[in-house]
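Everything below concerns the one structure shown next.
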Amino acid sequence: MTSLRRTDILSLIHLRSDGRRPNEIRHMSCHLGALPPSTDSGSALPTSGCSGSAHVSMGLTQVLCVVRGPCDVGRRSEELPDRATLEVTMRTTPFSPPGDRRVANPATDRRLIEQSHLLQTALSASILLHLFPKSKISVTVMVLADDGGRLEASINAATLALMDAGIPLKDMVCACSAGRWNAGGSDEIVVDLNRREIQAATGSAVGGGGGGSAPGGGGTSDTIYLPVAMMPQRGTVVLAQCESRLSGGAEAFGEVLEVAMRGCQMVMEIMAAAVRERGMCLYKAKEGKADVILVD
């Protein structure tokens with residue numbers, strides 16, 4: 001009797017390695033106000049003067065974000081006369097990537113610097129920076145667990161933390177990824193890739209990046225990994241990072257982009273529900289109807 005592996009059984013019924021359908025995102029949970037304001041929990045996450053925070057999990061990927069500000073700029077040379085300065089820092093815990101326990105320095109690690117820049121670009125498109133001239137808004141993201149899609153989870157967590165801090169936004173910035181890869185012999189577009197799927201799509205050993213290189217080192221390929229961030233209510237794409245050379249050209253890119261945008265819409269519904277829940281909790285606290293839990 002021939003024994004079948006779990007992945008073989010899932011491919012026979014057209015499911016992905018984690019049991020999802022091609023158009024299904026991972027389980028996502030959001031928590032606004034994950035940290036109390038104006039606390040100090042160490043140097044890894046500087047929360048002194050914390051204005052807002054949020055915790056987001058997408059599958060096994062977990063991200064914690066802290067927002068500080070608007071506050072005074074430390075150096076006058078860094079002040080901007082017409083808008084606020086947005087400072088974004090991404091950090092990873094030693095236990096976040098599977099199998100690698102090294103501590104990545106956010107000031108020297110190339111991938112963290114690149115993703116911090118992409119995160120800053122996506123957030124700058126939505127934050128009304130002109131309302132806070134000569135000030136600074138600091139966004140610090142800590143990746144607690146990385147199973148692929150840490151850039152997308154960081155963008156979602158940063159958006160919720162900014163809303164928790166009361167920073168005015170044009171629209172929510174929601175992020176999700178899409179990709180095309182040969183899974184079990186079927187070349188179809190899937191949404192919200194995990195680490196294993198990103199490795200299969202990019203041909204690399206890194207599952208949390210903001211893009212990948214085409215397998216084969218420079219030729220065209222039908223595999224693609226595309227992280228996308230957009231403002232869903234405006235229908236504006238603020239970030240689309242792709243480093244694969246596609247044989248299908250712009251048409252193949254457009255198909256994957258459309259699937260990623262639908263994933264962003266699904267992410268927006270979950271984030272909006274978390275914002276409404278947070279607002280209801282604050283309203284109950286204002287009316288004196290909130291449950292108070294005392295911790296010794």
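No experiment lies behind these values; they were computed from the predicted model shown. Side chains included, hydrogens not; waters and symmetry mates left out as well; all remaining heavy atoms used.
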Checklist entry - How would you list, by chain and number, every residue that makes a side chain to side chain contact (heavy atoms under 4.5 Å, CB included) with Thr121, sequence neighbours excluded? => result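 Once residues adjacent in sequence are excluded, the partners of Thr121 under the side chain to side chain contact (heavy atoms under 4.5 Å, CB included) criterion are His117.
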
Checklist entry - Who are the side chain to side chain contact (heavy atoms under 4.5 Å, CB included) partners of Ala229, not counting sequence neighbours? => result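 Counting only residues at least two positions away or on another chain, Ala229 forms a side chain to side chain contact (heavy atoms under 4.5 Å, CB included) with Ala122, Ile155, Val173, Ala175, Val238, Leu239.
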
Tell me whether [X] shares a hydrophobic cluster with [Y], the cluster being built from Ile, Leu, Val, Met, Phe, Trp, Tyr side chains joined at under 4.5 Å.
X: Ile167; Y: Val73; value: no
X: Ile113; Y: Met90; value: no
X: Leu282; Y: Met280; value: no
X: Met28; Y: Leu60; value: no

Next on the checklist: Under a 3.5 Å threshold, yes or no: a donor from one side chain and an acceptor from the other, between Ser57 and Gln62?
Outcome noted: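 There is no such pair (donor and acceptor under 3.5 Å, judged by atom type) between the side chains of Ser57 and Gln62.
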
Partners passing salt bridge (Lys or Arg N to Asp or Glu O under 4.0 Å) against [X] (at least two apart in sequence or in another chain):
X: Glu258; result: Arg262
X: Glu277; result: none
X: Glu24; result: Arg21

Taking all non-hydrogen atoms of both residues, which atom of [X] and which atom of [Y] are closest, and how far apart?
X: Gly149; Y: Ile198; result: N-CD1, 3.7 Å
X: Phe253; Y: Leu226; result: CE1-CD1, 3.7 Å
X: Met58; Y: Glu152; result: SD-C, 4.3 Å
X: Ala153; Y: Thr61; result: CB-CG2, 4.2 Å
X: Asp164; Y: Ser53; result: OD2-N, 3.1 Å

Take atom [atom1] of [X] as the centre, draw a 6.0 Å sphere, and report whether it contains more than 12 heavy atoms from other residues, nucleotides or ligands.
X: Asp72; atom1: CG; value: no
X: Glu251; atom1: CD; value: no
X: Arg83; atom1: CZ; value: no

Checklist entry - Which distance, rounded to the nearest 0.5 Å, do you find between the CZ of Arg195 and the CG of Asp147? => result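 Spacing of CZ (Arg195) from CG (Asp147) equals 7.0 Å.
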
Checklist entry - Are Asp82 and Leu80 close enough, and set up right, to give a side-chain contact (heavy atoms from CB on, under 4.5 Å), and what steps lead you there? => result CA-CA 6 Å; Asp82 57 342; Leu80 297 177; 4.2 Å; yes

Determine yes or no for a side-chain-to-main-chain donor-acceptor pair under 3.5 angstrom, with [X] supplying the side chain and [Y] the backbone.
X: Arg150; Y: Ala145; value: no
X: Ser177; Y: Leu193; value: yes
X: Ser135; Y: Cys71; value: no
X: Ser126; Y: Asp171; value: yes

Checklist entry - Which pairs count as salt bridge (Lys or Arg N to Asp or Glu O under 4.0 Å) when at least one residue sits in residues 224-235, sequence neighbours excluded? => result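 Residue pairs passing salt bridge (Lys or Arg N to Asp or Glu O under 4.0 Å), neighbours aside: none found.
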
Next on the checklist: As a quick check of understanding, evaluate side-chain contact (heavy atoms from CB on, under 4.5 Å) for Val63 and His55, giving each step before the final call.
Outcome noted: CA-CA 6 Å; Val63 171; His55 177 271; over 6 Å; no

